[in-house]
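Here is the structure we will look at.
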2 protein chains.
Amino acid sequence: MNAGSRLGETLRRGEVLAPECPSREILKHVTSRWGVLTLVALMERTHRFSELRRRIGGVSEKMLAQTLQQLEQDGFIRRVSYPVVPPHVEYSLTPLGVGIGRQVEAMTDWIEINLPEILKAQQRQPSSRPNADQTPPAAT
Amino acid sequence: MNAGSRLGETLRRGEVLAPECPSREILKHVTSRWGVLTLVALMERTHRFSELRRRIGGVSEKMLAQTLQQLEQDGFIRRVSYPVVPPHVEYSLTPLGVGIGRQVEAMTDWIEINLPEILKAQQRQPSSRPNADQTPPAAT
DNA sequence: CATGAGGCTTACCTTTTTGTAAGTACTTAC
DNA sequence: GTAAGTACTTACAAAAAGGTAAGCCTCATG
């Protein structure tokens, strides 16, 4: 019953390309530096705050907290806090979160798999191009 | 022969989560504010510079040029310049570019399709949470 | 002859993002 | 008694991203 990730014929494509599309905001959260990695980490399993902090290399407490709050606000993440003496808070993906989680993970997986080829392609590029034309003249 | 987007058993997952993983850099280009939209636009068809500028709502010349250069450098975009009198430059995706293009498009499509549900979820969230515990006490 | 199109680059400035360090509160371990 | 773990928040500062406006080159148009 929930919408899958395939295009239905009902989707008018490319609304994201319009400057006022609300998708832009969501996209910003999801594709933010730590948003991507947080979703990937939570695809593995539920984590508590400090576990996530250790799992996601390089993230600061501040940014992790902020990222989690955004994704929770968007309904992607569920936060469960146990009021015990050393605080205990668990973060996990909601069904909606598993949805983009899959997309984001597919993307990062693709990049990891194709890294060698990308690196090769990078080396083929001259890296600077003040004015390099690839092809001979043609009519206007 | 080229690696698809599915996980092979050879992938050690989660290297992106390591701070020094080179994938991080690629990810940054791909998921940048204008990188995503540029890839989506180029999935439709080849565009020239000013067409892209008009297609991608809100992008400035400076940022579009910069984004295109990064993606070209990564081997995702092919730039063909015809040295005719009013300059004519065409941008299109390389086979590698079609690869992440697919992933990125799947992601934006998912967001567009599920936007209504996301918006509903957002409204359910209290939006501020100084200290909201979801569950009763439990033992340490 | 001034203007505009097309594809950029550069300088300069504003906004946003990210990081660092420290603080809070409470309890167990040393 | 003091340090450490847990989950954050806040203030301040540095870095990065983004925007604006102008310039460059050359031909066709009015």
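Computation of the quantities below employed the complete heavy-atom set of this structure, encompassing side-chain atoms and omitting hydrogens, waters and symmetry-equivalent molecules. Proteins get letters first, then strands, A, B, ... in listed order; numbering begins at 1 in each. Note that the structure is a prediction, hence the values are computed from the model and not measured.
Between the CG atom of A:Leu71 and the CZ atom of A:Arg79 there is a distance of 14.0 Å, given to the nearest 0.5 Å.
Between the NZ atom of B:Lys28 and the C1' atom of D:dG18 there is a distance of 15 Å, rounded to whole Å. Look at NZ on A:Lys62: it is 8 Å from C1' on C:dT17, rounded to the nearest Å. The distance between atom CD of B:Glu51 and atom P of C:dG6, rounded to the nearest whole Å, is 9 Å. Between the C1' atom of C:dT9 and the CG atom of B:Leu64 lies a distance of 14 Å, rounded to the nearest Å. Spacing between atom CD of B:Glu61 and atom P of D:dC24 amounts to 16 Å, rounded to whole angstrom units. Note: CZ (A:Arg48) to P (D:dG5) measures 13 Å, nearest angstrom. What separates CD1 of B:Ile56 from C1' of D:dG18 is a distance of 15 Å, to the nearest Å. Atom CE in B:Met63 sits roughly 14 Å away from atom C1' in C:dC8 (whole-Å rounding).
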Pairing string of DNA chain C (Watson-Crick or G-U wobble, both atom distances under 3.5 Å; | = paired to other strand) is ||||||||||||||||||||||||||||||
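In terms of phosphate contacts, B:Arg79 brings a side-chain nitrogen or oxygen within less than 4.0 Å of OP1 or OP2 of C:dC8. For the OP1/OP2 pair of C:dT9 and a distance below 4.0 Å, the side-chain nitrogens and oxygens of B:Gln69 include at least one atom meeting the criterion. Under 4.0 angstrom from either OP1 or OP2 of C:dG19 there lies at least one side-chain N or O belonging to A:Ser60. OP1 or OP2 of C:dG6 has not a single side-chain nitrogen or oxygen of B:Tyr91 nearer than 4.0 Å.
Positionally, the nearest nucleotide of DNA chain C for B:Ala65 lies more toward the 5' end than for the other of B:Ala65 and A:Ser32. Position along DNA chain C of the nearest nucleotide to A:Pro87 versus A:Trp34 favours A:Trp34 as the more 5'-ward residue.
A search for side chain to side chain contact (heavy atoms under 4.5 Å, CB included) contacts involving A:Ala121 returns A:Arg124, B:Leu96, not counting sequence neighbours. Residues forming a side-chain hydrogen bond (donor to acceptor under 3.5 Å, both in side chains) with A:Glu90 (at least two apart in sequence, or on another chain): A:His88.
With contacts defined as side-chain heavy-atom distances shorter than 4.5 Å, the pair A:Leu68/A:Phe49 qualifies. Between A:Tyr91 and A:His47, every side-chain heavy-atom pair lies at or beyond the 4.5 Å cut-off.
At the heavy-atom level, A:Arg33 lies under 4.0 Å from the strands shown only through sugar-phosphate atoms.
A salt bridge links A:Glu25 to A:Lys28: one of the charged nitrogens lies within less than 4.0 Å of a carboxylate oxygen.
At least one donor-acceptor pair closer than 3.5 Å links the side chain of B:Arg53 to the backbone N or O of B:Val59.
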